[in-house]
Structures are given as structure tokens and as C-alpha cells.
Amino acid sequence: MIPLVFHPIYSQLELPHRHRFPIEKYVGIRDELVKRGVSESGFTQPLPLSERDLYQYYSHDYVKALSAGTLDKKAMRRIGFPWSEQLIKRTYTAVAGTCLTAQLAIEQGKALNLTGGYHHAFADYGSGFCLFNDLYLAAKTMQKASHIDNVLILDLDVHQGDGTAKLAENDNDIFTLSIHGEKNFPHRKQQSNIDIGLLKGAGDDEYLTTLDEALTLVLRQFQPDAIIYDAGVDIHVNDDLGLLNVTTEGVLTRDKRVFDFADGCGVPIAAVIGGGYQRDIAALVDVHLQLYKAAGVIAR
């Protein structure tokens with residue numbers, strides 16, 4: 001059984017009416033996986049992190065101010081959520097979920113979180129619905145294992161993983177690859193080890209060819225012992241914020257190629273669902289389900 005990590009709090013956050021963030025999608029993915037045969041007992045619940053867990057990699061002042069609700073209004077607007085105690089509880093649990101997913105991937109070869117991909121968070125500030133960068137923290141978690149030195153963070157969300165790139169810029173044993181929309185958020189890009197910006201309207205053929213070339217390029221520069229995969233589906237043709245034209249079948253093929261890549265390298269892979277911003281939650285959940293099909297959790 002492929003480990004799945006989920007907590008109900010992932011979708012338990014009250015947001016203003018018509019808020020852009022589709023908070024309902026996480027429980028929607030869980031419910032649809034159960035409908036398709038995944039046992040309720042197949043989900044592992046993470047325990048929330050503490051402030052102390054973050055201090056090694058994130059600014060003490062930022063962690064304390066955010067947790068206490070004393071971060072200034074401009075900084076909260078950059079994050080994009082109104083502050084609440086529930087937001088902090090949810091964040092500490094969601095980030096813990098990705099770290100747990102990383103641990104389970106090392107133990108069992110493959111694991112998937114039903115949230116994650118908070119790649120716009122930097123060491124001392126949050127941005128774009130991201131408070132703390134779970135991808136970077138999960139990479140450092142993986143490196144605690146005696147046989148894991150080099151970790152590849154493979155970010156295929158439509159938005160560049162700017163926070164991840166900045167956090168890892170001085171880590172020679174963390175390699176960051178971002179394939180994203182060149183003219184999409186964030187407007188000020190950071191420097192990943194490999195950045196590939198696609199123009200508006202790129203479809204399946206261009207996207208998948210680019211992915212194949214990028215994965216080949218990675219292996220010329222880096223030999224991963226483990227992979228963290230941000231499987232954002234905001235590349236989808238129907239996504240409200242994506243600006244690309246990748247089909248649902250294209251998303252499935254992308255995810256399958258990433259898992260095949262990990263198999264070919266003989267390394268564990270921890271996957272998170274990343275972004276996806278259709279307002280039709282059922283349609284959005286269906287696109288996210290391609291990840292679980294590609295991983296072999298449910299039938300195609």
C-alpha cells in the first residue's frame with residue numbers, strides 16, 4: 001500500500017467569500033480516493049510541527065510574529081490569507097504532513113501528501129498563500145537519513161518555486177528544478193539550479209518534451225538520492241491562474257513520467273499536490289487525482 005498523508009484540518013479554514021484559494025479541494029481529494037477504493041485506514045495523520053522545529057531554517061522573528069498574529073498587515077497581504085489561530089494550526093499540520101510524507105517515502109519508496117507545495121515561502125517572509133516552505137523542510141528531513149545526501153526538488157507547479165530556490169541556493173546537496181509559466185507569478189523570479197519558463201498557451205507536446213529534456217539535463221548535473229515532487233495542476237487548460245493549455249491526459253502523462261524517472265534512478269519519491277485554482281472543486285479534484293493514478297494508488 002502506497003502511504004498517503006492527510007488531516008481534515010487541511011480543508012478546515014474559514015476564508016472570505018469568493019477567496020481565490022480553493023481550500024475545499026483537500027478533503028475533496030480524500031473523499032474521492034475513498035470512493036475509488038482507498039481504505040480510510042490508508043491515510044496517515046501528521047502531528048503539527050512546533051515553532052522550535054522551524055527555527056533552524058526560518059527566521060525566529062518571522063516564525064514568532066506569524067504564530068502570534070503580530071506580523072504586520074503588509075506582510076499578511078503578501079501571504080494572501082487573513083490571520084487566524086486556525087490558519088497557524090493548519091499550516092503547522094500541513095507542513096508536518098509533507099515532512100511525514102518524506103519520511104514515509106524513504107521507508108517505502110513512494111508516498112503522497114494530500115496537500116503541500118508551499119514553494120513561495122522564504123526564510124523570513126511568506127507569499128502567494130505560502131507561510132512556510134514545506135518542500136525545503138522536507139528535503140532537510142530526508143537528509144537526516146544516513147543514506148540520503150542529495151535531494152532533487154522537482155517543481156512542476158505553473159508558478160516558479162521562488163522561495164525554494166532562494167532557501168536552497170547555498171545547499172549544494174539540494175538541486176532545484178522549476179518548469180513554470182514565464183509570464184506568471186512571481187514576477188520577480190529567483191534562480192533555481194534549472195529554470196525553464198514556458199510561454200502562455202503551451203500545450204501537452206511542448207510541456208512533455210520540455211519535461212523530458214529537463215530530466216535528462218538533471219542527471220548530467222546531479223545524482224539524486226531522493227526526490228520531492230511538487231505536482232501542481234495549475235498547468236491545466238481550465239485553470240483560472242495557469243495560462244497554459246495542458247490537458248488532463250497531459251497531467252497524467254507528466255506525473256507518470258516523474259514516477260518513472262524516480263524508478264529509473266532507484267530513489268524514493270515524496271509527492272505533494274501543489275497548486276490548482278479552478279473554482280469548480282469537483283473538476284479541480286479530478287485533475288489532482290491524476291497524481292494518484294500515476295502513482296498506482298487508484299486505477300486509471
Side-chain angles (χ1 to χ4, degrees), residues 2 105 109-112 116-117 119 135 138-139 142 150-162 164-165 168 173-184 189-239 242-276 286-297 300:
I2 298 169
K110 184 188 302 179
L112 296 85
H119 58 174
L135 303 178
M142 280 182 151
N150 298 328
V151 178
L152 167 65
I153 300 179
L154 175 56
D155 193 334
L156 300 187
D157 191 282
V158 81
H159 304 107
Q160 193 217 27
D162 55 340
T164 311
D173 48 9
I174 294 179
F175 192 96
T176 53
L177 164 62
S178 180
I179 301 177
H180 51 265
E182 181 62 31
K183 300 301 183 181
N184 212 318
K189 306 292 194 289
Q190 299 293 327
Q191 186 172 342
S192 309
N193 291 102
I194 297 176
D195 281 303
I196 301 176
L198 299 172
L199 297 180
K200 180 180 178 180
D204 288 8
D205 290 345
E206 180 180 354
Y207 190 94
L208 295 170
T209 298
T210 300
L211 174 61
D212 289 343
E213 292 172 350
L215 294 177
T216 298
L217 189 59
V218 167
L219 292 183
R220 292 176 183 167
Q221 301 182 35
F222 191 74
Q223 296 299 316
D225 300 315
I227 298 171
I228 296 171
Y229 174 38
D230 183 348
V233 302
D234 36 16
I235 65 169
H236 192 266
V237 60
N238 292 332
D239 196 87
L243 306 179
L244 300 186
N245 289 334
V246 178
T247 66
T248 302
E249 183 63 31
V251 171
L252 175 62
T253 302
R254 175 199 70 171
D255 294 344
K256 182 67 167 59
R257 289 187 185 179
V258 170
F259 285 119
D260 287 347
F261 176 76
D263 286 342
C265 293
V267 301
I269 180 169
V272 301
I273 70 166
D286 182 65
V287 185
H288 277 300
L289 285 178
Q290 306 314 305
L291 178 68
Y292 302 87
K293 293 179 182 179
V297 174
R300 297 187 191 180

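All of these numbers come straight from a predicted model, not from anything done at the bench.
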Next on the checklist: Are more than 12 heavy atoms, taken from residues, nucleotides or ligands other than Gln191, located less than 6.0 Å from that residue's CD atom?
Outcome noted: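 Not buried by this count: 12 neighbours or fewer within 6.0 Å.
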
Are side-chain N/O atoms of [X] and [Y] paired as donor and acceptor at under 3.5 Å?
X      : Y      : answer
His159 : Asp234 : yes
Asp255 : Tyr292 : no
Asn150 : Gln223 : no

Item to check | Trace of the side chain to side chain contact (heavy atoms under 4.5 Å, CB included) decision for Val158 with Asp239 | outcome: CA-CA 10 Å; Val158 81; Asp239 196 87; 5.7 Å; no

[X] side chain vs [Y] backbone, donor-acceptor pair below 3.5 Å:
X      : Y      : answer
Ser192 : Asp195 : no
Asp157 : Gly275 : yes
Asp230 : Ala271 : no
Lys189 : Glu182 : yes
Arg254 : Leu211 : no
Thr176 : Asn193 : yes

If I compare all heavy atoms of [X] with all of [Y], which pair ends up nearest, and what's the gap?
X      : Y      : value
Ala214 : Ile194 : O-CD1, 4.4 Å
Leu135 : His119 : CD1-CB, 3.8 Å
Asp155 : Gly161 : OD2-CA, 3.4 Å
Ala231 : Leu291 : CB-CD1, 3.7 Å
Asp225 : Val267 : O-CB, 3.4 Å
Ala105 : Ile269 : CB-O, 3.4 Å

Does the side chain of [X] reach to within under 4.5 Å of the side chain of [Y], using non-hydrogen atoms?
X      : Y      : answer
Phe261 : Leu152 : yes
Val233 : Gln290 : no
Ile228 : Val151 : yes
His180 : Ile196 : no
Val272 : Tyr229 : no
Thr253 : Asp204 : no
Thr210 : Ile179 : yes
Leu244 : Leu198 : yes

Next on the checklist: Among residues at least two apart in sequence or on other chains, which ones pass ring-ring contact (aromatic ring centres under 6.0 Å, His included) with Phe175?
Outcome noted: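 Counting only residues at least two positions away or on another chain, Phe175 forms a ring-ring contact (aromatic ring centres under 6.0 Å, His included) with Phe222.
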
Item to check | Check ion pair Arg257-Asp212 (N to O, under 4.0 angstrom) | outcome: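 Here Arg257 pairs with Asp212 in a salt bridge, since their nearest N and O are under 4.0 Å apart.
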
Checklist entry - When rounded to the nearest 0.5 angstrom, what is the spacing between NE2 in His288 and OG1 in Thr248? => result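 It comes to 11.5 Å.
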
Checklist entry - Which residues satisfy the side-chain contact (heavy atoms from CB on, under 4.5 Å) test with Glu213, sequence neighbours excluded? => result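 Listed in chain order: Thr209.
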
